[in-house]
Visitor: 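Starting off with a structure, shown below.
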Amino acid sequence: MKSFIYFNKAKIVNNELANIQKLSKIGHFSSDGYFTNLCRKWLIKNTGCREALLVHSCTAALEMCAILINIKPKDEIIMPSYTFVSTANAFVLRGGVPVFVDIDPKTLNIDPNKIERAITKKTRGIVAVHYAGVSCDMDPILKIAKKYKLYVIEDAAQAILSKYKSRPLGSIGDLATLSFHETKNIHCGEGGALLINNPKFIKRAKIIRDKGTNRDLFNQNMVKKYTWVDYGSSYGLSEINAAFLYGQLKQAKKITRKRLAIFKLYHKLLENLEIKKLIKRPTIPTYTKANGHMYYILVKNNKRDKLIKYLKQKKINTVFHYVPLHSSHFGKLKAIIKTIMKNTNYASNNLLRLPLHTKLINKDVSICCKNIYSFFKNKK
Ligand SMILES: Cc1ncc(COP(=O)(O)O)c(C=O)c1O
């Protein structure tokens, strides 16, 4: 019987479980221990950030960003609406107002040409979401941020080991966030990291991660007792997850190479459908080096949902992506829309993500593509 081709299959790739077993010898299972430090060093070395704090999710890292840049009620923060809910919710939790601008139809990242008109006296920052691990065009974003004295936060949830020009993503904004959720290239079930490039945030970020206490100074014998000194929450990642994550990080480059090979194969096999104007394939601008996080197609003539159904019958699991935040119930209550959302709506209605994970073999990719061709041949 033909087996199912899954959209994602999170895997154990190395010595994740052996690392976890080592913890019984080490005897430290909560956050900020031996494996947290190894992951921290790996992240600093491979992303070029100044400091890296492991946290329990990218959502947690985004919430820390909102506290760090002192978001107050009615402060505005510019971002795409085509993103995951946490990008916006982290700021709404502090009383902030997400201000949505449309995306560039080529990359599905925030359109830098539309940012300036969204800036007001209340604007505090710009969140650059690197969709599908493909970099936003950072130079114009940084230029605008400098002109209006705004913070830049990279939501690099999907973008570990991608680059903008020669710079690793996560090393460009004042702050950046990564996700290690099981759907990401590198995972530990649930996990994330806050990457810090602006040194003024380092000390306070550690306090915020430790429930608003100066426990970090206490651990370094710099204070006699630790105490409540600021806002904070329990944002740390347990050593159990960090031990697992370190096993994955050690394989990160190999995983990325494998994912990029699958991406390239899809891209080659689907070329003819783009020539026939039945689909549009992803655009990877020359300024970015991507990480093979996702392979998507934009299906023309409103056929996306029919194609999902067709592929499901053929035992191929494909999925759409974000419901734009500006059209969601809470988005309508809490956010401002600053541009027409034509490209955002188009992506939401027509984008289809194809199976991509490290257990996928070339034959699976050709089966997926053959079935996409047969869908269009049969004029469904
Ligand atoms: C762009 C973006 N930001 C933030 C998140 C939240 O990540 P996490 O599940 O680690 O909180 C996601 C999750 O998929 C995401 O895609």
Side-chain angles (χ1 to χ4, degrees), residues 7-8 10 31 39 43 52-67 77-93 98 100-101 103-104 107-110 125-136 138 141 152-162 169-170 172-173 175-195 209 233-238 241-242 244-245 248-249 259 282 288 290-296 319-326 328 330-331 335 344 347-348 351 353 356-357:
F7 170 69
N8 183 40
S31 66
C39 293
L43 288 169
L53 303 187
L54 284 196
V55 291
H56 60 67
S57 59
C58 183
T59 301
L62 286 159
E63 288 177 22
M64 290 175 71
C65 292
I67 301 173
I77 179 117
I78 295 171
M79 63 182 69
S81 160
Y82 192 67
T83 183
F84 193 70
V85 58
S86 303
T87 316
N89 201 36
F91 297 91
V92 171
L93 282 170
F100 297 132
V101 303
I103 48 174
D104 176 338
T107 58
L108 313 188
N109 284 328
I110 194 164
I126 303 165
V127 186
V129 181
H130 303 300
Y131 183 68
V134 173
S135 177
C136 294
M138 292 308 291
I141 294 174
V152 174
I153 295 162
E154 292 176 72
D155 182 340
Q158 305 169 9
I160 191 163
L161 292 181
S162 293
L169 299 188
I172 303 169
L175 297 160
T177 63
L178 296 177
S179 173
F180 300 121
H181 184 267
E182 69 163 29
T183 49
K184 304 302 183 293
N185 291 17
I186 306 302
H187 82 99
C188 60
E190 299 267 3
L194 175 69
L195 308 183
R209 184 191 53 173
S233 189
S234 186
Y235 285 126
L237 185 75
S238 100
N241 291 65
F244 188 103
L245 180 62
Q248 291 255 324
L249 287 174
R259 296 186 76 106
T288 182
N291 65 354
H293 175 61
M294 185 195 298
Y295 196 85
Y296 66 78
V319 284
F320 53 84
H321 211 180
Y322 303 129
V323 174
L325 298 180
H326 74 269
S328 66
F330 217 57
T344 300
S348 176
L351 183 138
R353 292 182 290 161
L356 208 172
H357 52 83

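Counting starts at 1 for both ligands and their atoms, in listed order.
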Visitor: Considering non-hydrogen atoms of the protein only, which is the closest contact for atom 7 (O) of ligand 1, and what is the distance?
Guide: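 In this structure, atom 7 (O) of ligand 1 has Cys58 CB, 3.2 Å as its nearest protein heavy atom.
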Visitor: Scan side-chain atoms only and decide if Asp155 and Thr87 contain a donor-acceptor pair under the 3.5 Å cut-off.
Guide: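 Short answer, yes.
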Visitor: Should the ring pair Tyr82 and His321 be called parallel, tilted or perpendicular, given that the plane angle runs from 0 to 90° and is split at 30 and 60?
Guide: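 Perpendicular: the ring planes of Tyr82 and His321 meet at over 60°.
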Visitor: Enumerate the atoms of ligand 1 whose separation from the nearest heavy atom of Tyr322 is less than 4.0 angstrom.
Guide: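 Within the 4.0 Å cut-off of Tyr322, ligand 1 contributes 1 (C), 15 (C), 16 (O).
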Visitor: Out of all atoms in ligand 1, which are within 4.0 Å of some heavy atom of Thr83? Include the element for each.
Guide: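 Under 4.0 Å from Thr83, ligand 1 has these atoms: 1 (C).
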Visitor: With nothing but distance in play, are any N or O atoms of Ser86 less than 3.5 Å from an N or O of ligand 1?
Guide: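 N/O-N/O distance below 3.5 Å does not exist for this pair.
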Visitor: For ligand 1, which is the ligand I care about here, please tell me if Thr183 has any N or O atom under 3.5 Å from one of the ligand's N or O atoms.
Guide: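 N/O-N/O distance below 3.5 Å does not exist for this pair.
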Visitor: Contact between ligand 1 and Gly191 is defined here as a heavy atom of the residue under 4.0 Å from a ligand atom; is it met?
Guide: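 It does; at least one heavy atom falls under 4.0 Å.
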Visitor: Give the atom numbers and elements of ligand 1 that come within less than 4.0 Å of a heavy atom of Ser57.
Guide: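 Near Ser57, the atoms of ligand 1 are 10 (O), 11 (O).
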Visitor: Hydrogens and angles aside, do Asn291 and Arg259 bring a side-chain donor and acceptor to less than 3.5 Å of each other?
Guide: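 No, no side-chain donor-acceptor contact under 3.5 Å.
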Visitor: Side chains of His293 and Asn185 only: does a donor on one sit below 3.5 Å from an acceptor on the other?
Guide: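 Side-chain D/A pair, His293 to Asn185: present.
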Visitor: When the aromatic ring centroids of Phe244 and Phe180 are compared, is their separation below 6.0 Å?
Guide: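 When the ring centroids of Phe244 and Phe180 are compared, they turn out to be at least 6.0 Å apart.
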Visitor: Check whether any N or O atom of Glu190, backbone or side chain, sits under 3.5 Å from an N or O atom of ligand 1, and answer yes or no.
Guide: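 By distance alone, the answer is no.
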Visitor: Heavy-atom contacts with Val129 under 4.0 Å: which atoms of ligand 1 show up? List them by number with element.
Guide: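 In order of number, 1 (C).
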Visitor: Quick test: of every protein heavy atom, which one is nearest to atom 11 (O) of ligand 1, and how far off is it to 0.1 Å?
Guide: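 Answer for atom 11 (O) of ligand 1: Thr59 OG1, 2.5 Å.
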Visitor: Could you name the option among Tyr82, Phe84, Phe180, Tyr131 that has the heavy atom nearest to atom 15 (C) of ligand 1?
Guide: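 Among Tyr82, Phe84, Phe180, Tyr131, the closest heavy atom to atom 15 (C) of ligand 1 belongs to Phe84.
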Visitor: Check whether the side chains of Glu190 and His56 place a donor and an acceptor atom closer than 3.5 Å, and report yes or no.
Guide: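 His56 and Glu190 do not have a side-chain donor-acceptor pair below 3.5 Å.
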Visitor: What residues, two or more places apart in sequence or in another chain, satisfy ring pair (Phe, Tyr, Trp, His ring centres under 6.0 Å) together with His181?
Guide: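 Listed in chain order: nothing, the list is empty.
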Visitor: List the closest protein heavy-atom neighbour of atom 3 (N) of ligand 1: residue, atom name, distance to the nearest 0.1 Å.
Guide: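 Here the closest protein heavy atom is Asp155 OD2, 2.7 Å.
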Visitor: Looking only at side chains, do Thr288 and Ser135 share a donor and an acceptor under 3.5 Å apart?
Guide: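 The criterion, which ignores hydrogens and geometry beyond distance, is not satisfied for Ser135 and Thr288.
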Visitor: Whether the Glu63 and Tyr235 side chains hold a donor-acceptor pair (N or O, under 3.5 Å, no angle test) is what I'd like checked.
Guide: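 Yes, side-chain donor-acceptor contact under 3.5 Å.
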Visitor: Which of these, Glu63, Met79, Lys184, His293, has its nearest heavy atom closest to atom 14 (O) of ligand 1?
Guide: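 Shortest heavy-atom distance from atom 14 (O) of ligand 1: Lys184.
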Visitor: Among all protein heavy atoms, pick out the one at the shortest distance from atom 10 (O) of ligand 1; state its residue, atom name and that distance to 0.1 Å.
Guide: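 Looking at atom 10 (O) of ligand 1, the protein heavy atom closest to it is Ser179 OG, 2.7 Å.
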